[in-house]
Amino acid sequence: MPRRCRVDTVIVQLPGPGPEVAPGETPGLLRMGPGETAVFGRGEPGRPVPIPLPDQGVSRRAGEVVAAEDYWRLSNFSTSATYVVENLEGAGEHVKVAPGRIGAPVPFELSRVLLPALGGPAAFKVFAPQHAYLAGRPTGAEGERTVSPFALDPTAKYFLVLLALCEPRLRSPSAAAVPGVTEVLARLRALPGCRGLSRSAVNYHIDYLVATKLRLREPYEEGPGGGKREELVALALRFDLVREEHLALLPPRRPAARP
């Protein structure tokens, strides 16, 4: 049976007067039950909207949030602007809601909705009910056991190499560059088990991940980040093979030097 642990409403954190809520202030919250709706936008004179976004670049009625039982939906009333919903728990994961799209389901528990605006993107946050998950393993299955397609050992050196490659995008989803072999080597050598690591060893672990563990297929698209490394990072982050909690396996980062 699925384990259900959830709140009863979708909660919208209303935007403050500035980009961030001032220290000591509590952001306004809009609680919505299943089936309830709330319009967002600039609003009309004498007719404010439940989720106000007071920027001249935002339509008066820009869209609508609809609460469902364990998720929510977003409607885009604009005829030209695309809205973006970011997963606040993901490494750059997001969905785009095209102009005119009605009732687009949003699968994230913690989200930020971004709209194009004159003063920078207008935004508000949405907290959905906690998702339900199976408790334990499903019963009654017969036949051969399912083999995991990505069996990674977090204690292995190849995993540390993969983690070092993914670290920039785990910490900042907008980071474009994938570390090179020299950068991976410098990042890992502070670990006791990696002090003897060499460039050839790092390249060996990358090839092992490509050919055996993640089984990438050629050809790799060459780019600034390197074909194989770029593909490894994209696959690992897409399927959550490397997550933020794994960053604790890396040595602490040195603080940036002051100019």
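Side-chain atoms are counted along with the backbone in the values below, which use heavy atoms only and exclude waters and symmetry mates.
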(Q) For Arg243, is the CZ atom crowded, meaning more than 12 foreign heavy atoms sit under 6.0 Å from it? (A) yes

Q) Do the side chains of Leu88 and Ser111 get nearer than 4.5 Å, heavy atoms only? A) no

**Q.** Sub-4.5 Å side-chain heavy-atom contact between Leu214 and Leu232
**A.** yes

Table please: side-chain donor-acceptor pairs of residues 35-51 below 3.5 Å, with sequence neighbours left out.
residue : atom : partner : partner atom : Å
Glu36   : OE1  : Gly33   : N            : 2.8
Arg42   : NH1  : Val58   : O            : 2.9

**Q.** Partner residues of Gln56 under the side-chain hydrogen bond (donor to acceptor under 3.5 Å, both in side chains) criterion, sequence neighbours left out
**A.** none

Q) Can you list the residues that meet the salt bridge (charged side-chain N to carboxylate O under 4.0 Å, His left out) rule with Glu64, with sequence neighbours excluded? A) none

Q. Residues in side-chain hydrogen bond (donor to acceptor under 3.5 Å, both in side chains) with Ser80, at least two apart?
A. none

(Q) Checking Arg73 now: which residues fulfil salt bridge (charged side-chain N to carboxylate O under 4.0 Å, His left out) with it, not counting sequence neighbours? (A) none

Could you list the donor-acceptor pairs under 3.5 angstrom formed between side-chain atoms of residues 180-191 and any protein atom two or more places apart in sequence or on another chain?
residue : atom : partner : partner atom : Å
Thr182  : OG1  : Arg199  : NH1          : 2.5
Glu183  : OE1  : Gly180  : N            : 2.6
Arg187  : NE   : Glu167  : OE1          : 2.8
Arg187  : NE   : Glu167  : OE2          : 3.4
Arg187  : NH1  : Pro251  : O            : 3.0
Arg187  : NH2  : Glu167  : OE2          : 3.0
Arg187  : NH2  : Pro251  : O            : 2.8
Arg189  : NE   : Leu197  : O            : 3.2
Arg189  : NH2  : Leu197  : O            : 3.1

Q) What's the spacing between Phe127 CZ and Ile11 CD1 if we round to 0.5 Å? A) 7.5 Å

Q.
Using 0.5 Å steps for rounding, measure from the CG atom of Leu110 to the CZ atom of Phe108.
A. 11.0 Å

Q: Look up atom CZ in Arg101 and atom CG in Leu74, then write down how far apart they are to the nearest 0.5 Å.
A: 9.5 Å

Donor-acceptor list for residues 152-163 side chains, cut-off 3.5 Å, not counting sequence neighbours:
residue : atom : partner : partner atom : Å
Asp153  : OD1  : Thr155  : N            : 3.0
Asp153  : OD1  : Thr155  : OG1          : 2.7
Asp153  : OD2  : Thr155  : OG1          : 3.0
Lys157  : NZ   : Gly193  : O            : 2.9
Tyr158  : OH   : Asp153  : N            : 2.8

**Q.** side-chain hydrogen bond (donor to acceptor under 3.5 Å, both in side chains) partners for Asp55, two or more places apart
**A.** none

Q. Any side-chain heavy-atom pair from Val12 and Met32 closer than 4.5 angstrom?
A. yes

(Q) Please enumerate all residues that pass ring-ring contact (aromatic ring centres under 6.0 Å, His included) together with Phe239, with sequence neighbours excluded. (A) Phe150

For a quick test of your reading: what N or O donor-acceptor pairs under 3.5 Å do the side chains of residues 204-213 make, sequence neighbours left out?
residue : atom : partner : partner atom : Å
Asp207  : OD1  : Lys228  : NZ           : 2.6
Lys213  : NZ   : Ala151  : O            : 3.0

Q: Quick one: which residue pairs count as a salt bridge (Lys or Arg N to Asp or Glu O under 4.0 Å) with a foot in residues 232-242, not counting sequence neighbours?
A: none

Q) Would you call Ser172 and Arg169 a side-chain contact if the rule is heavy atoms closer than 4.5 Å? A) no

Q: List in chain and number order the residues that pass side-chain hydrogen bond (donor to acceptor under 3.5 Å, both in side chains) with Arg31, two or more places apart in sequence or in another chain; answer none if no residue qualifies.
A: none

Q: For the residue pair Pro116 and Pro121, establish whether any side-chain heavy-atom pair is separated by less than 4.5 Å.
A: no

Q | Audit row: Trp72, Val85, side-chain contact (heavy atoms from CB on, under 4.5 Å) steps and yes/no | A | CA-CA 12 Å; Trp72 58 284; Val85 184; 4.1 Å; yes

Q. What's the spacing between Leu14 CG and Phe124 CZ if we round to 0.5 Å?
A. 9.5 Å

